[in-house]
Each structure stands twice: as structure tokens, then as C-alpha cells.
Visitor: 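One structure follows; several queries about it will come next.
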Protein chains: 2
Amino acid sequence: MSKRTIIRLSKYKNALYRLKKMGFVKVFSDNLADAVGVTPAQVRKDFSMFGISGNKRGGYTVAELVEKLNKILGKDKVQDVIVVGTGHIGTAMMNYRGFEKENIRIVAGFDIDPAKYNADEKIPVLQLDKMRGYVKEHGIRVGIIAVPDIAAQQVLEIMVSAGIKGILNFAPINLKGEEDTVINNVNLGLELENIIYFINTDKKGVINEDTDA
Amino acid sequence: MSKRTIIRLSKYKNALYRLKKMGFVKVFSDNLADAVGVTPAQVRKDFSMFGISGNKRGGYTVAELVEKLNKILGKDKVQDVIVVGTGHIGTAMMNYRGFEKENIRIVAGFDIDPAKYNADEKIPVLQLDKMRGYVKEHGIRVGIIAVPDIAAQQVLEIMVSAGIKGILNFAPINLKGEEDTVINNVNLGLELENIIYFINTDKKGVINEDTDA
DNA sequence: ACCTTTTTGTGATTTTTTTCACATTTTTTA
DNA sequence: TAAAAAATGTGAAAAAAATCACAAAAAGGT
């Protein structure tokens, strides 16, 4: 299943949370299309791909749809995540409030700089060389890399060798991993550059994020 | 020109910076392909699209290529950028070291919380209602939104009405703008969700073409 | 000078993704 | 009860993106 489809499913789900909060019980493909910036046919096609179906005239039930999407997206259970590198980006990720309600829990940070260590916080910051043990002990499968580009590939390798399967990488370098590892490279400079290119030419509109392929 | 092409150009440029630093003078399409994770044909096609050409056996000259790419990407002059919302993400953006060498300069932050104000820092944090004036006075064209989702659309409108043309949005909501505005929505939760989906399915080895293909 | 090797540049082809369009189902209205 | 209206679900078609494959150019060797 393509990454773009999965991104859209997540977006539908996010839009549905908002609709739910606003009191909506039913939703139509064109409401979702509008919220996410795609066509109604795309929404229905995406759903059809995962066997999600609605009612021929009543659309979809919000609560049901949210539940199905969360199931597909693996968000029916809490996912524990570690952060490596506790500079500005790493710290921002550790403190990002948006994760909690998504069943994502940042459980620890790791850094090479002893000045950063603090085992007593709610989210402890630990020594980098404790990372392997921590990952194994807690069965962590997902990690965030927020170290300088020069260190990123090495950190990746430690993480993978410890058992981590999925990585969100903020270092401005395209990390490569083994077959069974999922790496999502997010390059913030690139996202801005992109905007700068488009405002300088005259092609305007909403750019949608698909950082990697 | 498609967004994906532009992203790749940026990636080539970033890879070239590294190659340059390592002392390379010439580069071939397959070096770049390898660094960025695409095929050599893709690299050449992308270049051909923008009239960039190399030498039939000598590949491309790194310095020349960097210059051409920077020209295309509008990075031949410094781009001033403001940040609205100085929470964790906004602060991280204000302090992100990666921008400087990309000719991107964060010039000011804005917040609604008076406790955040500090006009004397190198990058001042100012009152939100000073934003419009600041943008007009300094001719700012690009801004970053790092406020809670609930406030994002409103902040967007103020920014656009002040003259900002390009926006990088971190609020977890798909912002919509006018025709002549470029909006790049980056949703961090989404990027993680994505990873979670793929490590869960890859492990099970399930989910594959039954409906399609 | 000629042959071999390497690498570009790009038309043709294939693959992937999106959109179209409409039969089908359900709801509402009269 | 029948007709009209509103949505879905999905093959077929179109569009977009990526890859192939190969002629042509440049460099190096003998």
C-alpha cells in the first residue's frame, strides 16, 4: 500500500476528530475531501482499498470510521517512542503535546552530552550508551533521530542493531537502512526551500507534505 | 513543475554540499542518485527538465551544479522568515542551525503570550499584534506557523493579509489559503503514524494487492 | 588514429496515481 | 408505491511520474 494513501488516511482521521468534536455523527466523502484537500472520489477509492464502506446514501458514521482508520493505522494501542538527540528539535519532540491524543508516547531521550542527563524527569534524558539496553528492555520499536547530520547514520545503526524498526529522522541527510527498517526523512530546511521556490515562480497553491517516497 | 521534482533538486543540492566539503570536483548522476535514493535516470531527467547539462563523460562539475540549483531554488539571495508561535516547535525553528547555511534567516518570533516577549534578543520575540506592521515594514514574504491548531487558520489570515506569500505550517490541520499563497503543511504526528503503520504491516507481511493491480 | 569505455540526454515505455462516470443502493417526498 | 434525489463503490480512462534503453559524445588507452 502506497505511502501517499496512508498519509491521506491519517489526514482523514485527523479531520474526523475535529468533526467529532464539533458534534458531527455522519460524514460524506466530499466533507472529508474538502477538509483534506483531495477529491471525493479519492476519499472513496482510499476507503475502498481498505474495505471501508459507508451507506449508499447516508455517508459514513464518524465514530465507526475513526475506529476503522485507527485500527488500520495501528493506533489502537499505545506506541512508545524514544528520541535521540535532545537539542532544540529533540526537545520539541519530547514536549510535543499532539502525540498523546494519537496514542504516541515519548518515553525517553538520549544524548551524548552529559550536561543533558536527567533521569528524574517524567521523560528522562539518559546516556546515549544506555540506549541499546533501554530499547531491548522496553521493546521499543520506533525512534526519532534529532542529532547533527554528521552523527545521524551512526546513531541509526545503533538504533537498528538494538531492535528499532521505524525511524523518523530530522537530520538533514537521507538515511539508508536495511530492508526491514522503515525510515522517514523529514528535512525542515527543505520544506522551507520548497516554499521559497514556489513563491518565486508563479505556481501557487497548497503544497502537500510527502517528505519521502 | 511538480513539488516532488523541486524536493529532489533540493536534495541533490544538499548532497552536493557534502560532496564539495569532501573535496569532490566532479559528480556523476549515479553518485547523486545514490546519495538521494533515486535512480540515475531520474537525476538526469530532473536536470534536463531545468536545462542543466553535464559532460558526456565527465559528469557534472560540483561547483557549477550547486550554483545552478541554488539559482533555480531561489537561494541566491537571503530569505527572511518570521515564526509565529514560540512554543517548543517555534523555538526549535528559531534556533535551528541548519537554516543559516541555506540563506534562510529567521528574523523574528511572534507570540500572544506576553511572558514570551523579548525584544532584545538576536532574534526578538514580539507581540503578535505587531506582526502585521513588522511584515509590511520589512517586506517579509515567508512565515512559519507553530501555534495550536485552533489558532492556526486565524493566524494564517493575518499573515496573508499582511503580505506573506509562503507559509510553513506545523499546526496539525490542513490550512487553506488564497490562490496566490503557498502553504506547506507539515504534520509531525502524521509522519510518526506513517512509520507505525509500515512497521506493523511489514512485520506481519500481510496487506497486499487483493482489490487492485 | 582507432578502438574501448564511460556517461550523458532523452524519446519511448511502463508503472503508478488520480479522476471520471455511472450503475447501484438508500432515503425522502408526494 | 413510485419517482426523485443523494451518495456510495468501482471499473475504465486519463494523467502523471518513473524507468528503460540506447544513440551520441567525450575521454583514455594502445
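The chains referred to below are lettered A, B, ... by the order of the sequence lines, with proteins before strands, and numbering in each begins at 1. If you're wondering where the values come from, they're calculated on a predicted model, not measured in any experiment.
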Visitor: Starting at atom CZ of B:Phe47, determine the distance to atom P of C:dT8, rounded to an integer number of angstrom.
Guide: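 Rounded to the whole Å, the gap is 10 Å.
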
Visitor: For the pair made of CG in B:Asp46 and P in D:dA17, what is the distance, rounded to whole Å?
Guide: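 Spelled out: CG on B:Asp46 to P on D:dA17 is 11 Å.
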
Visitor: Let me know the distance between NZ of A:Lys3 and C1' of D:dA17, rounded to the nearest Å.
Guide: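 Whole-Å distance recorded here is 17 Å.
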
Visitor: Enter the distance from B:Leu188:CG to A:Ile104:CD1 here, rounded to the nearest 0.5 Å.
Guide: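 Reported to 0.5 Å precision, the distance equals 10.0 Å.
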
Visitor: Whole Å only: how far is the CD1 atom of B:Ile7 from the C1' atom of D:dA17?
Guide: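 Distance, rounded to whole Å: 14 Å.
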
Visitor: Run the salt-bridge test on A:Lys13 and A:Glu102 with the 4.0 Å N-O cut-off and return the result as yes or no.
Guide: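 Yes, A:Lys13 and A:Glu102 are salt-bridged.
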
Visitor: Under 3.5 Å, is there a donor-acceptor pair between the A:Asn185 and A:Asn169 side chains?
Guide: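 Side chains of A:Asn185 and A:Asn169: pair found under 3.5 Å.
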
Visitor: Checking A:Gln153 side chain against A:Lys176 main chain: does a donor-acceptor pair fall under 3.5 Å?
Guide: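 Yes: the side chain of A:Gln153 pairs with the backbone of A:Lys176.
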
Visitor: Using heavy-atom distances to pick each residue's nearest nucleotide on DNA chain C, tell me which of B:Asp30 and A:Ser2 is more 5'.
Guide: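 Taking each residue's closest nucleotide, the earlier one in sequence belongs to B:Asp30.
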
Visitor: Take atom CZ of B:Arg44 and atom C1' of D:dC20, then tell me their distance rounded to the nearest Å.
Guide: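 Rounding to the nearest Å, CZ of B:Arg44 and C1' of D:dC20 are 10 Å apart.
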
Visitor: Write down the distance between CE (A:Met1) and P (C:dT17), rounded to a whole number of angstrom.
Guide: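 Nearest whole value for this atom pair: 10 Å.
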
Visitor: Which parts of nucleotides 24-30 of chain D does protein reach within less than 4.0 Å, heavy atoms only, written one letter per nucleotide 5' to 3' as B for base, S for sugar-phosphate only and - for none?
Guide: BBBB---

Visitor: Salt-bridged, A:Asp76 to A:Lys71, with N to O below 4.0 Å?
Guide: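 No salt bridge links A:Asp76 with A:Lys71.
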
Visitor: If I take atom NZ in residue A:Lys45 and atom C1' in nucleotide C:dC22, what distance separates them, rounded to the nearest angstrom?
Guide: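 It is 13 Å, rounded to the nearest whole Å.
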
Visitor: Could you tell me whether A:Ser53 contacts a base, only the sugar-phosphate backbone, or nothing, with contacts defined as non-hydrogen atoms closer than 4.0 Å?
Guide: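 Result for A:Ser53 = sugar-phosphate.
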
Visitor: For a side-chain contact (heavy atoms from CB on, under 4.5 Å) check, start with the C-alpha distance between B:Val66 and B:Tyr12, then their side-chain angles and the critical distance, and finish with the verdict.
Guide: CA-CA 9 Å; B:Val66 165; B:Tyr12 301 147; over 6 Å; no

